[in-house]
Q: 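Quick one: the structure is below, questions incoming.
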Amino acid sequence: MAGRDDAVDLYRALALHRAAATRLKSLRDQGRVPAAIRCGRGYEAVSTGAARALRAASDGSGDAVAPTPDNAGAFFVFGGTPLQFFRQHLACGSAPGRGREPGMCPIDVERGLVGPAALPGTMVEVMAGVTLAFRLRGEDRVGLVFSGEDETSTSAWHEGTNFAAARRCPLIVVVQAGTETSTGVHTRARGFAQKAAGYGVASASVDGGDVLAVHRAVEEAAARARSGQGATLVEARGCPVSRRALRAAGADRERHPYEHPPDPAARFRVRLIEERIARASDLDEVERRARAAVRSACEQALGESPPADEYALGGVYDGDPGTPPWYRLEPPERGLALASTT
Amino acid sequence: MAGRDDAVDLYRALALHRAAATRLKSLRDQGRVPAAIRCGRGYEAVSTGAARALRAASDGSGDAVAPTPDNAGAFFVFGGTPLQFFRQHLACGSAPGRGREPGMCPIDVERGLVGPAALPGTMVEVMAGVTLAFRLRGEDRVGLVFSGEDETSTSAWHEGTNFAAARRCPLIVVVQAGTETSTGVHTRARGFAQKAAGYGVASASVDGGDVLAVHRAVEEAAARARSGQGATLVEARGCPVSRRALRAAGADRERHPYEHPPDPAARFRVRLIEERIARASDLDEVERRARAAVRSACEQALGESPPADEYALGGVYDGDPGTPPWYRLEPPERGLALASTT
Amino acid sequence: MTSNSRPEHLARTLRGEPVTLLEAISEALFEEMERDPSVFLMGEDIAVYGGAFKVTRGFLDHFGAERVIDTPISEAGFTGAAAGAAHMGLRPVVEMQFMDFISPAYDVITNYLATSRYRGSGSVPVVVRGPVGGGNRGGPFHSQNVEMAFFHTPGLKIVYPATAYDAKGLMKSAIRDDDPVIFEEHKSLYRAPHLREVLPAEDYTVPLGKARCAREGTQVTIVTYGAMVHTSLEAAAALEKDDGVAVEVLDLRTLLPLDDEAVAGSVKKTGRLLIVHEDTRTGGIAGEIAMRVNEQAFEWLDAPILRVTAIDSPVPYAGGLEDYFLPRVSDIVTACRYLVEY
Amino acid sequence: MTSNSRPEHLARTLRGEPVTLLEAISEALFEEMERDPSVFLMGEDIAVYGGAFKVTRGFLDHFGAERVIDTPISEAGFTGAAAGAAHMGLRPVVEMQFMDFISPAYDVITNYLATSRYRGSGSVPVVVRGPVGGGNRGGPFHSQNVEMAFFHTPGLKIVYPATAYDAKGLMKSAIRDDDPVIFEEHKSLYRAPHLREVLPAEDYTVPLGKARCAREGTQVTIVTYGAMVHTSLEAAAALEKDDGVAVEVLDLRTLLPLDDEAVAGSVKKTGRLLIVHEDTRTGGIAGEIAMRVNEQAFEWLDAPILRVTAIDSPVPYAGGLEDYFLPRVSDIVTACRYLVEY
Ligand SMILES: Cc1ncc(C[n+]2csc(CCOP(=O)(O)OP(=O)(O)O)c2C)c(N)n1
Ligand SMILES: Cc1ncc(C[n+]2csc(CCOP(=O)(O)OP(=O)(O)O)c2C)c(N)n1
Ligand SMILES: [Mg+2]
Ligand SMILES: [Mg+2]
């Protein structure tokens with residue numbers, strides 16, 4: 001984080017995440033998003049702080065990041081647009097995934113966006129391989145994967161992290177850990193950074209609501225990775241905790257930040273103003289633009305059509321056009337064998 | 001380990017393991033054991049030291065242990081006999097598993113013997129459940145599972161260990177780690193005890209060739225488990241390293257202990273004599289008896305018949321008698337539909 | 001620490017009120033837990049939260065935290081633990097939050113649970129249950145039917161009820177059964193109002209392995225199960241009304257073991273067989289049924305065996321795509337007409 | 001760091017010498033790695049040790065440690081990593097030491113690799129290969145055929161060669177194919193002396209999805225693959241000699257996608273179909289084939305479709321049991337006679 005411009009740029013990213021996440025939450029609350037999805041409020045700092053510590057490019061030469069649906073900020077920093085974001089969530093025919101899958105983004109190899117998740121932990125394995133490829137080709141690139149805290153309980157997370165560690169892949173695993181339920185229910189570890197030694201990787205534990213702290217930790221991890229020192233586990237504490245996890249932990253749901261997620265963007269704003277890096281009016285303008293960009297993207301996406309039904313077919317294999325089942329075509333001739341099995 | 005008698009008893013267990021393992025190795029080298037199996041030489045101390053730190057019983061009230069095929073000593077300490085051992089390895093019709101499966105033992109719930117392994121890591125999950133049952137029923141029992149070092153890379157090991165940790169199961173996980181290849185190839189952890197913190201469990205790291213050290217560590221772990229403090233990870237260093245692992249690590253195969261596995265029994269013998277706990281002649285007699293017991297069991301098993309071929313059938317489900325396929329029965333009547341699908 | 005009175009929402013049948021399929025399952029679990037102290041539950045968010053679909057709401061308060069266990073995201077870990085607990089005489093019922101999440105447990109289920117009895121390690125009475133099926137805009141990882149992942153594994157049983165009565169009776173049988181059972185519950189049937197029915201107040205079971213004739217007919221047999229029972233009944237009613245064709249609908253209820261007798265019996269009556277499954281086409285259960293009917297009732301076939309199924313692809317997300325992907329009433333009508341006119 | 005000259009044992013075909021099926025596979029891997037720098041290998045003990053079956057002996061020296069990678073026991077981890085590397089433009093070939101060990105990777109293969117293209121994340125050209133099959137006294141976890149674990153998953157291809165020529169040509173096609181391919185290699189065929197053949201010196205491929213007529217005949221069609229091709233050919237020869245019956249033997253070579261045309265074509269010629277597979281019975285591939293023949297060639301059937309398969313149980317260990325478990329020449333002869341006399 002160099003000067004004033006950088007800081008305001010960073011705020012711009014936070015504000016865009018915030019605006020998109022807030023908009024998505026209302027769409028969800030209105031029942032306009034088919035799947036009951038995460039919207040990413042409260043993940044502004046960890047998402048943008050981490051992503052901006054990497055090198056984004058659009059020609060396949062930059063770093064790679066695997067965001068969860070909570071990490072809109074990382075998606076935007078790596079060149080995803082609000083329009084793509086809403087198209088994908090709303091399952092528009094024009095969406096990158098053309099409605100075949102929920103979430104935020106399919107893969108964009110040129111931009112280094114690797115998504116979306118399948119089951120928890122899978123993307124740690126996949127990103128281990130993405131960064132293995134960087135190593136094998138001697139490229140100066142690193143990868144970052146966002147993970148939940150309980151995701152660390154999964155087999156995939158373990159095998160992926162251990163593989164990356166063993167092969168010294170330039171991978172950064174960011175564990176987004178809540179405050180109250182981080183430990184005790186699903187793990188007895190005192191913290192998620194404690195897991196690093198078991199894999200023999202470096203670790204850091206930072207406040208996930210502090211964008212600069214996240215940025216710094218990931219910057220250091222990326223430098224380590226680029227210099228051949230392998231993977232790093234970054235624990236981002238204080239991320240939102242889901243309602244279910246809260247209840248499982250017996251925590252008071254009503255008073256917990258999940259219901260009123262902490263706003264890391266607002267926190268950064270206060271800091272920028274207090275430290276006289278930016279004026280409130282400038283930041284108001286940044287926010288206004290973010291909201292406007294989000295509003296217009298969302299409205300455009302809402303006006304677009306869903307994919308044509310037949311798009312359910314085909315594309316399962318290379319060059320597979322997709323054939324409708326025989327009982328959806330012209331009625332077959334009476335008494336004749338069917339021409340095909342589909 | 002109280003007095004002289006205990007020490008000699010312990011030596012008896014080591015000697016029996018040694019004798020059985022040595023005999024099994026010759027059977028294997030002669031190609032008389034169908035599967036290319038492990039024989040357990042070099043695992044005398046970790047096997048018997050750990051098992052004797054638990055409470056064996058034969059009426060379903062004792063502790064439980066899940067040995068790998070390398071842990072013959074634990075099998076014997078928990079009441080398995082040399083005859084069962086050779087019957088099972090030689091796939092006799094009289095074997096506990098009646099030839100359906102290789103390895104050392106199927107489950108004996110009364111004795112607390114839980115085996116054999118399926119794929120690596122599985123028994124950690126299973127023993128997490130065995131010890132969960134102890135907890136749920138408020139029984140004062142603990143369980144122990146032996147694991148290889150690279151087994152810690154598996155998904156099953158991770159999920160099993162984490163589950164046991166999270167539920168505070170009275171489980172002891174013993175990682176049998178080699179000297180040269182323990183780390184660096186399949187994990188970057190500096191040692192396997194390092195993994196404990198990531199699960200929030202206690203740990204110990206001991207010389208796996210020192211039966212008293214293993215005994216002490218497991219005794220402490222068992223006490224912790226019985227007092228409700230949950231699982232412990234015990235690293236037993238200096239266990240044999242397989243040829244393959246050695247080569248993978250680029251180690252000098254010819255000079256490595258695997259080819260001439262260290263004999264923890266001999267080591268304990270020296271100590272017993274040096275510390276004047278036992279006389280050489282007494283220990284000679286112990287060894288002689290162990291060899292004799294093993295020889296006669298082996299000879300008896302070698303003379304026994306394999307299971308009847310039809311024993312391949314049935315027993316897949318409760319009460320399933322097994323039906324031979326129709327083409328192995330009387331030829332079906334010409335032109336008639338078959339009576340059954342098998 | 002468990003309260004004695006049955007929670008109000010689990011006493012509908014006792015009060016003579018109709019219950020949904022979901023409520024029927026909850027009642028079955030509750031009654032089995034009351035009847036047999038060895039029955040206990042494990043799963044993600046099942047205790048405090050009551051489960052993603054609220055199947056176990058109120059169980060924690062009634063039965064306590066020892067018998068209603070919240071687990072980490074470790075499907076392999078807790079399913080393997082269930083096997084261990086079963087070895088020790090307990091009867092675990094494991095919930096997969098969505099049955100799609102059973103895939104990390106594929107290894108332990110097929111290699112350990114399914115083979116335990118045959119290998120000589122005794123029965124493993126574990127029930128693995130959870131919601132399956134499409135039509136809910138869940139996308140590729142929250143909509144799968146999982147029967148064909150396990151249908152090929154000797155040692156497992158697979159149950160898939162279509163009515164509240166069967167769901168309750170089959171669940172009780174599954175829990176009392178000494179073999180591992182996969183129990184699929186279709187999300188769309190969980191709260192379907194037209195499936196509400198008044199169940200017998202007394203304890204009853206529905207035997208595993210027996211199909212049910214859901215509608216009698218003479219001209220075509222439809223063999224189906226789960227949600228497709230209702231789609232098929234709709235088609236049968238339409239065919240009766242529009243074409244005067246008498247369609248027999250057989251609800252398999254248990255997929256493994258298959259009720260050969262019921263299928264062959266019906267085919268011998270009608271001479272025409274259509275198999276309908278919601279699961280994808282290639283490698284679906286229709287194949288095994290077709291094979292068995294060939295073996296057992298070939299001479300009675302007056303037309304080729306046909307099938308109506310989902311399309312061979314992952315389950316797409318967008319509503320239109322998913323609707324196109326799934327089998328429809330009109331597909332079944334078309335296929336039946338083809339068969340009748342053949 | 002890679003040497004330029006081809007290792008002597010990988011140059012048999014260049015020297016005009018016959019090769020075994022195993023050597024054919026090694027040559028295919030070697031030549032594809034020479035041809036395309038994006039091809040690389042991962043697996044347990046494949047580098048320094050050359051693999052459990054020595055398929056990759058000499059590869060490490062020739063291609064270096066960046067392209068021949070020893071992995072931890074993490075089948076899910078390295079298969080997921082393969083997908084990540086594939087996203088980045090590499091073509092990983094992953095070895096399962098025994099194909100039985102693919103089960104921990106079931107989740108990532110079915111949910112991630114198989115669905116990636118459909119979900120909009122592009123192709124994942126990964127080959128997962130390894131030894132399968134029984135008859136080697138490997139017991140339940142070293143003898144499985146795995147095709148039916150994956151046959152039901154749209155997006156995967158499954159290859160299973162029976163000859164050295166096909167093994168080499170199919171492996172090349174699999175590596176060059178843009179979809180994920182499961183490649184099964186039968187252990188009994190690896191070094192079978194009668195399968196040695198002189199292969200073309202020039203580069204050739206065998207297309208995926210095309211069956212091969214292994215023996216022409218007019219009275220019965222046997223559809224089979226893998227080791228059972230040779231068992232079936234033996235039966236066909238016996239039937240010719242003893243009964244004068246002309247049996248056609250179709251070697252599927254690729255199981256997914258199935259070559260419907262070849263199967264239906266042969267059935268239309270002979271009117272009688274026997275399916276032979278070494279894999280267990282219920283839910284085996286015979287079902288799908290029977291279903292498709294019903295759909296496409298019902299009118300041509302002069303007898304029921306039948307099957308000869310292994311018994312529905314885990315693979316037993318003892319020699320007699322395993323021999324009883326597996327399909328035999330005499331079983332095929334009996335079934336063909338039944339069909340001919342029908
Ligand atoms: C194999 C599998 N098990 C369970 C789930 C359901 N599931 C999705 S996210 C989640 C909670 C994840 O918790 P955490 O990793 O802490 O992430 P958070 O949601 O708190 O950000 C669960 C249980 C799943 N998708 N896949
Ligand atoms: C899922 C699976 N992967 C691989 C194997 C093959 N395998 C069995 S033991 C073993 C090595 C185990 O190493 P470690 O855990 O260190 O135990 P050691 O043999 O050294 O005692 C391997 C690769 C297997 N049986 N199952
Ligand atoms: Mg969380
Ligand atoms: Mg080892």
Side-chain angles (χ1 to χ4, degrees), chain A residues 33-36 90-93 95 97-103 117-121 148 150-157 185-187 242-250 306-316 320 322-328 331-332 334-338 341-342, chain C residues 44-52 70-77 97-98 100-101 103-105 107 136-142 281-282 303-304 306-328 330-338 341-342:
Chain A
V33 190
L90 293 166
C92 299
R98 290 216 262 165
R100 283 176 172 173
E101 149 160 287
L119 302 195
D150 194 19
E151 196 170 341
T152 63
S153 304
T154 66
S155 27
W157 193 93
V185 178
H186 299 318
T187 175
S242 69
R243 245 168 302 176
R244 258 183 276 166
L246 271 180
R247 296 192 63 171
D309 291 354
E310 290 75 12
Y311 192 64
L313 292 169
V316 175
D320 160 24
T323 323
W326 65 265
Y327 35 76
R328 298 227 181 122
R334 182 171 164 164
L336 271 199
L338 301 170
T341 57
T342 54
Chain C
E44 291 152 16
D45 307 314
I46 65 162
V48 184
Y49 191 71
D70 273 333
T71 65
I73 313 184
S74 299
E75 285 78 7
Q97 197 164 74
F98 285 75
D100 312 54
F101 310 158
S103 58
D107 169 38
N136 301 282
R137 315 320 184 205
F141 307 121
H142 294 77
R281 193 167 189 84
T282 297
L306 296 180
R307 56 181 164 176
V308 167
T309 70
I311 283 161
D312 270 337
S313 75
V315 186
Y317 170 57
L321 302 189
E322 190 181 25
D323 290 342
Y324 191 91
F325 163 86
L326 291 170
R328 299 172 179 174
S330 58
D331 298 336
I332 301 172
V333 168
T334 303
C336 285
R337 284 197 180 126
Y338 176 87
E341 290 171 14
Y342 188 87

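Within every chain, numbering begins at 1; the chains are lettered A, B, ... in the order of the sequence lines, protein sequences first and strands thereafter. Source: prediction; values computed, not measured.
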Q: State, yes or no, whether a side-chain contact exists between C:Ile332 and A:Tyr327 at a heavy-atom distance under 4.5 Å.
A: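 No, too far: nothing below the 4.5 Å cut-off.
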Q: Do A:Asp150 and C:Pro72 come close enough that some side-chain heavy atom pair is under 4.5 Å?
A: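 They are in contact (side-chain heavy atoms under 4.5 Å apart), so the answer is yes.
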Q: Heavy-atom distances under 4.5 Å only: say whether A:Thr154 touches chain C with side chain, backbone, both or neither.
A: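 Both backbone and side chain of A:Thr154 come within 4.5 Å of chain C.
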Q: Does any part of the side chain of A:Pro102, heavy atoms only, come nearer than 4.5 Å to the side chain of C:Pro140, both counted from C-beta?
A: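 Yes - at least one pair of side-chain heavy atoms lies under 4.5 Å apart.
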Q: Relative to chain A, which of C:Asn136, C:Asp323, C:Thr309 shows the most heavy atom pairs under 4.5 Å?
A: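 The option with the most such pairs is C:Thr309.
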Q: Would you please test A:Leu313 and C:Phe325 for side chain to side chain contact (heavy atoms under 4.5 Å, CB included) and show each step?
A: CA-CA 8 Å; A:Leu313 292 169; C:Phe325 163 86; over 6 Å; no
Q: Please rank A:Ser153, A:Ala91, A:Ala308 by heavy-atom pairs under 4.5 Å with chain C and give me the top one.
A: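 It is A:Ser153.
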Q: Under 4.5 Å from any heavy atom of chain A, what part of C:Val315 do you find: side chain, backbone, both or neither?
A: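 For C:Val315, the backbone is the part near chain A, not the side chain.
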Q: Considering all heavy atoms of both residues, which atom of C:Ala318 and which atom of A:Pro307 are nearest to each other, and what is their separation?
A: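 That closest heavy-atom pairing would be CB-CG, 3.9 Å.
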Q: Does the side chain of A:Leu119 reach to within under 4.5 Å of the side chain of C:Ser103, using non-hydrogen atoms?
A: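 They are in side-chain contact.
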Q: Does any non-hydrogen side-chain atom of C:Leu306 lie less than 4.5 Å from one of A:Trp326?
A: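 Touching, per the 4.5 Å side-chain cut-off.
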Q: Within a strict 4.5 Å, meaning less than it, do heavy atoms of the C:Ile73 and A:His186 side chains meet?
A: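 With C-beta onward as the side chain, the pair stays apart.
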Q: Please classify the contact of C:Ala335 with chain A as side chain, backbone, both or neither, using a heavy-atom distance under 4.5 Å.
A: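 Both backbone and side chain of C:Ala335 come within 4.5 Å of chain A.
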Q: With side chains defined as the heavy atoms from C-beta onward, is the minimum distance between C:Phe141 and A:Glu101 less than 4.5 Å?
A: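 Yes - at least one pair of side-chain heavy atoms lies under 4.5 Å apart.
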Q: Measure distances from C:Arg337 to the heavy atoms of chain A and classify the residue's part below 4.5 Å as side chain, backbone, both or neither.
A: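 No part of C:Arg337 comes within 4.5 Å of chain A.
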Q: Under the 3.5 angstrom rule, does the side chain of A:Arg100 hit a backbone N or O of C:Leu321 as a donor-acceptor pair?
A: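 No: the side chain of A:Arg100 does not pair with the backbone of C:Leu321.
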